[in-house]
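Both backbone and side-chain heavy atoms feed into the values below; hydrogens, waters and symmetry mates do not.
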Amino acid sequence: MNTTMDFSEVIVFIVYLLFMLGIGVYFFFKSKGGGEKTYFLGGRQMGPWVAALSAGASDMSAWVLMGLPTSIYALGLGQVWISVGLALGYSISWILEAPRLRRFSIVANDSITIPQYLTNRFKENSKVLQVICAIVFLIAYTIYSASSMKACGTLFHTVIGMDATLAMYLGACIIVSYTFLGGFSAVCWTDFFQGMMILGALLIAPIFAASMIDTSAAASIPVSYWNPMRDWREIVSGLAWGLGYFGMPHIIIRFMSIRSQHDMRKSAAIGITWTFLILLFATIVGVVGRLFLGLDETVTKDSLVFVNMVRIIFPSVMSGILLSAVLAASMSTADSQLLSAASAFASDVYKPVFRKNKASDKEMLWAGRLVVLAIAVVSVLIASAPDSGSIMALVTNAWGIFGAAFGPTILLSLFWRRFNFHGAVTGIVVGAVVDIAWFTFLSSTGIYELAPGFFCSLVAAVIVTLLTKEPSKEVKKLYDSTLDYDD
């Protein structure tokens, strides 16, 4: 049994962190002389395995090892609808959204960011949409990154006794370092290895824990815990999580980076399978954790189901390896979010607005790197605040904003020829505003704000499009040419 600080766990953590840094240094030298397309999109040269696992790992942050299992551990199988919604949404996004988004982004002036794609898709000279997108990015990504920083702090504090705030700054330094150096390629390759670690940890831990459960443990758990149909609001809110995938920039940008349409099909199969297994075993960890650990308020408060389970069952070296998966989950999402926010600011605000398209590639790279640094610092400040909320709560807030603001607009841009620029701007603004307003004033309804936010964004975008002028012939021609594009 391993419940106290162990030197072996510390050594494993250090080796893992050095390995991540090494990847950043490698891609820094390999991509030296590359421009913003190389730094922010890897030159569109990502293979199917790296793209698929990077998309999955950038999605499944520490909340899938700490937040989601703890929700199921504490609240029961009604929370399993989150896993169902995510599995459905992720599968549909790979099958329907991914192939079109990659083609559209190439035909739309080889766009390398989501705001850039939306602006080029409508052949607009106005920078309004890009600026609005960048603002939403900076707000939501700062909150989202805070959840990853909080997970790093909780893990280091629990395992080695380090002050949680200091641990957050340490984690931020590591993440910023390899993102700062290697850009998109470093982020994708670190995500690839981290994705494998997350899957391995979730497969191993519940199997061993299940073999050690006291057969009488289930008798102490309320019958309502086992009922997934006990509240329609849990079902609606859980399924609504799946809508987030259609507008999650740091995930769908992986679709744009894949090498070819042929690789896209292979990536989809890998990505969907990986995510299904991750969600299945995260759910099992929550249930097995309740039987194995019993209900403990400390475990619930700090989202420690997986961490405590691993430290009790395994010897220190093995627990160190498995707990490194929590670091992997935290870093694989935070690095992607930082890079997406940096690319949005540098490519969509700094270059066209502040520098009037006169910024050099080197200047763009440094502008993006400074944004990475700034967001990381603010994220740590949010995460270390006493009333910042749980890891799951932070992810829930950011996920809702992204899904509501961008999901309907991106889908309409890919599947509706009549959709226009005014509808896109309206959809993004309405989605973000309704999501935030619902969370602020109507969260007591028990309905996840993403559901009304997504619906209102979709309706508003369609109505405004129909009430305003049709797209020009050039825009319609671009849409039509995209449908025939193949490589």
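- When all heavy atoms are compared, the tightest approach of Lys150 to Ala383 is NZ-O, 3.3 Å.
- Exactly one residue among Ile221, Val305, Val80, Ile72 makes a side-chain contact (heavy atoms from CB on, under 4.5 Å) with Val287. That residue is Ile72.
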Q. So Asn397 and Glu449, side chain to side chain contact (heavy atoms under 4.5 Å, CB included) or not? Walk me through it.
A. CA-CA 8 Å; Asn397 296 340; Glu449 61 267 21; 3.8 Å; yes
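- To the nearest 0.5 Å, atoms CG (Leu138) and OH (Tyr141) are separated by 10.5 Å.
- Phe306 is not listed as a side-chain neighbour of Thr70, based on a closest heavy-atom distance of 4.5 Å or more.
- Annotation: the span from Ile235 atom CD1 to Met229 atom CE amounts to 4.0 Å, rounded to 0.5 Å.
- The distance between the ring centers of Trp438 and Tyr448 does not fall below 6.0 angstrom.
- Side-chain atoms of Ser390 and Leu394, non-hydrogen and from C-beta on, never get closer than 4.5 Å to each other.
- With no hydrogens or angles considered, no side-chain donor-acceptor pair links Ser379 and Thr142 at under 3.5 Å.
- Here the straight-line distance linking atom CD1 of Ile114 with atom CZ of Phe402 works out to 10.5 Å at 0.5 Å rounding.
- Ser303 OG to Leu155 CG: the interatomic distance, rounded to the nearest 0.5 Å, is 12.0 Å.
- Side-chain atoms of Val84 and Trp81, non-hydrogen and from C-beta on, do get closer than 4.5 Å to each other.
- At distances below 3.5 Å, not a single donor-acceptor pair connects side-chain atoms of Thr275 with backbone N or O atoms of Ile272.
- In this structure the side chain of Leu202 reaches within 4.5 angstrom of the side chain of Ile278, judged on heavy atoms.
- In this structure, OG on Ser388 lies 13.0 Å from CE on Met149, to the nearest 0.5 angstrom.
- With hydrogens and angles disregarded, no donor-acceptor distance shorter than 3.5 Å links the side chain of Ser443 to the backbone of Thr440.
- Val395 is listed as a side-chain neighbour of Tyr144, based on a closest heavy-atom distance under 4.5 Å.
- Between Ser457 and Ile428, the shortest heavy-atom contact is OG-N, 4.4 Å.
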Q | side chain to side chain contact (heavy atoms under 4.5 Å, CB included) assessment of Phe246 paired with Ile92 | A | CA-CA 9 Å; Phe246 302 117; Ile92 295 170; 3.7 Å; yes
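- Although no hydrogens or angles enter the test, the distance criterion places a donor-acceptor pair under 3.5 Å between the side chain of Tyr73 and the main chain of Gly294.
- Shown are Trp399, Phe137, Phe454, Tyr117; of these, the ring-ring contact (aromatic ring centres under 6.0 Å, His included) with Phe406 is made only by Phe137.
- What you find for Ile447 and Arg233 is that their closest heavy atoms are CD1-CG, 3.6 Å.
- Proximity of a side-chain donor or acceptor of Ser237 to a complementary backbone N or O of Gly446 within less than 3.5 Å is detected.
- Leu458 places none of its side-chain heavy atoms less than 4.5 Å from the side chain of Leu411.
- With hydrogens and angles ignored, the 3.5 Å screen pairs a side-chain donor or acceptor of His157 with a backbone N or O of Met162.
- Partner Trp94 forms a ring-ring contact (aromatic ring centres under 6.0 Å, His included) with one of Phe276, Phe255, Trp274 and no other, that one being Phe255.
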(Q) Between Met392 and Ser71, does the side chain to side chain contact (heavy atoms under 4.5 Å, CB included) criterion hold? Intermediate values first, please. (A) CA-CA 8 Å; Met392 192 70 173; Ser71 290; 3.9 Å; yes
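- The local environment of CZ in Phe455 is sparse, with at most 12 non-hydrogen atoms from other residues, nucleotides or ligands closer than 6.0 Å.
- The side-chain heavy atoms of Gln79 and Ile82, taken from C-beta on, include a pair separated by under 4.5 Å.
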Q | Check against side chain to side chain contact (heavy atoms under 4.5 Å, CB included), Ile410 and Ile252 | A | CA-CA 10 Å; Ile410 291 174; Ile252 60 178; 3.4 Å; yes
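- What you find for Ala87 and Leu279 is that their closest heavy atoms are N-CD1, 3.5 Å.
- Residue Tyr225 qualifies as enclosed at atom OH: its count of foreign heavy atoms under 6.0 Å is above 12.
- Of all heavy-atom pairs spanning Ala404 and Pro408, the tightest one is O-CD, 3.6 Å.
- Contact check on Arg230 versus Glu234 returns a salt bridge, with a Lys/Arg side-chain nitrogen under 4.0 Å from an Asp/Glu carboxylate oxygen.
- In this structure, Phe292 and Asp214 have side chains that are not in contact, with every pair of non-hydrogen atoms separated by 4.5 Å or more.
- Remark: Leu129 CG to Thr409 OG1 distance equals 8.0 Å, nearest 0.5 Å.
- The shortest non-hydrogen separation linking Thr158 to Arg311 is O-NH1, 3.5 Å.
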